[in-house]
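One structure is given below, encoded as structure tokens.
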Amino acid sequence: MASRFQIAPPSDYVLSRDACSYGYFLLAPNHWDPDARALSRVLDLEAGPSVLRITQGAEGGRASPGTPLTVRADRTLSRAERTEASGQISRMLRLDEDHTVVRGFHRVDPRWRRSGRGRLFRSPTLFEDVIKTVTSCNVQWPSTVHMNIRLCDVLGRGGAFPTPKRLSRARASTLRARCRVGYRDQRIIDLSRLFVTGEIDEAWLASPSTADDDVFVFLKGLPGIGPYAAANIMQLLGRYARLPLDTESLRHGRTVMGIEGADATVMRRVHEHFAPFGSHAFRSYWFELWEFYEAKAGPSETWRARELASAFTASNLKSVKAPKRPRTAPGRAAAPRS
DNA sequence: GGTAGACCTGGACGC
DNA sequence: GCGTCCAGGTCTACC
């Protein structure tokens, strides 16, 4: 018999808004159903994989903020498995960030107060976040989508994302030939081994007593992790002060912010622009980018992964004009959302 | 410390 | 359908 249980989210939580807030919600094994407003994925739990489906209120309807999340599993889960699943779902949906955290962000950047945006989707585990970040480097979005589908199909139990143990035992040739990860093959295996041996310590990385700079230096020393990937993993850890600047930042700087000049100049000015947002810098930066993507492809809660993949190639993005919105620095009046 | 080139895949384009 | 070019971040060798 299937299991069903509920999770109480923060009082301002809206699943369709807060889950559809970062590209990883479109990457396997995650599946967002825009019609039902439901997030499904396989979790590799103690007794084996289980397909979980998360909804808020009536399927397909608009739930009011804070409505309990309903989780349905395709098999009976033990009490321990329900606890395990709840913990992973909480991490994925950032249920640890209550309304006071989001309000704090809106005080610094009031542009997002009306929509309520503030939380960013991530993976159920740090390991999955790190590997997904590696698959997003040096490729365009469709390749990232395909690499994650193949990793789950080839190496995940029952379609789940592969565990560190399984990936650490994989052959580089399998990763390259069947998962199409290219030169990332050995780096992914090496990263997985570091998780298995405990040399990557999530508790230390996530601890408020660990300085951002120390985390950044540590991450940058990992195989396959450079400055961009390290900064991205930091935001996935909930450390939002540093920006993962990449070619998308250049495009945003030029087309949306109107910055001219050489790449290094644009990068520096993008960094300077968001620095005043302090510990919320990445949120401000990201929701500007997200608004641009929504101007191109419609509201993110309507996106379908496979249809969307082709829309997010560099050539397509370059051809789209940015939404018009006055840029706002911290403390200034909020611009109305279009 | 800064720079150039290799790494690999898949999309775009020309024929 | 095939071949070529290009985009993308990290790593290594070299200056």
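Keep in mind that the numbers below use all heavy atoms, side chains included, and drop hydrogens, waters and symmetry copies.
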May I have the distance from [X] (atom [atom1]) to [N] (atom [atom2]), rounded to whole angstrom?
X: A:Asp185; N: B:dA6; atom1: CG; atom2: P; result: 19 Å
X: A:Lys220; N: B:dG1; atom1: NZ; atom2: C1'; result: 12 Å
X: A:Met147; N: B:dT9; atom1: CE; atom2: C1'; result: 7 Å
X: A:Glu248; N: C:dA7; atom1: CD; atom2: C1'; result: 12 Å
X: A:Tyr183; N: C:dT12; atom1: OH; atom2: C1'; result: 14 Å
X: A:Asp246; N: C:dT10; atom1: CG; atom2: C1'; result: 13 Å
X: A:Asp263; N: C:dG8; atom1: CG; atom2: C1'; result: 13 Å
X: A:Asn138; N: B:dG10; atom1: CG; atom2: P; result: 13 Å

### Query
Of all the choices, B:dT9, B:dG11, C:dT10, which nucleotide is nearest to the side chain of A:Pro227 once you look at every atom?
C:dT10
### Out of C:dA7, B:dC8, B:dG10, whichever nucleotide has its closest atom nearest the side chain of A:Gln140
C:dA7
#### Entry: Five-pair end axes of the helix from B:dG1-C:dC15 to B:dC15-C:dG1, angle between them (10°)
30°
### Query
Base, sugar-phosphate alone, or nothing: which one does A:Leu245 contact when heavy atoms must sit under 4.0 Å apart?
nothing
### Task
From the options A:Arg41, A:Arg91, A:Arg122, select the one residue that forms a salt bridge (Lys or Arg N to Asp or Glu O under 4.0 Å) with A:Glu128.
A:Arg41
### Message
Would you say A:Gln56 and A:Thr67 are linked by a side-chain donor-acceptor pair, where the criterion is simply a distance under 3.5 Å?
### Response
no
### Query
Is the distance from OP1 or OP2 of C:dG9 to the nearest side-chain N or O of A:Thr247 less than 4.0 Å?
yes
### Query
Do the side-chain N or O atoms of A:Arg184 get closer than 4.0 angstrom to the phosphate oxygens (OP1, OP2) of C:dC11?
no
Is it true that [X] and [Y] make a salt bridge, defined as a side-chain N closer than 4.0 Å to a carboxylate O?
X: A:Glu272; Y: A:Arg269; answer: no
X: A:Glu288; Y: A:Arg283; answer: no
X: A:Asp98; Y: A:Arg103; answer: no
X: A:Arg117; Y: A:Glu294; answer: yes

### Summary
residues 180-224 of chain A vs ring-ring contact (aromatic ring centres under 6.0 Å, His included), sequence neighbours excluded, gives A:Phe127-A:Phe195, A:Trp204-A:Phe218
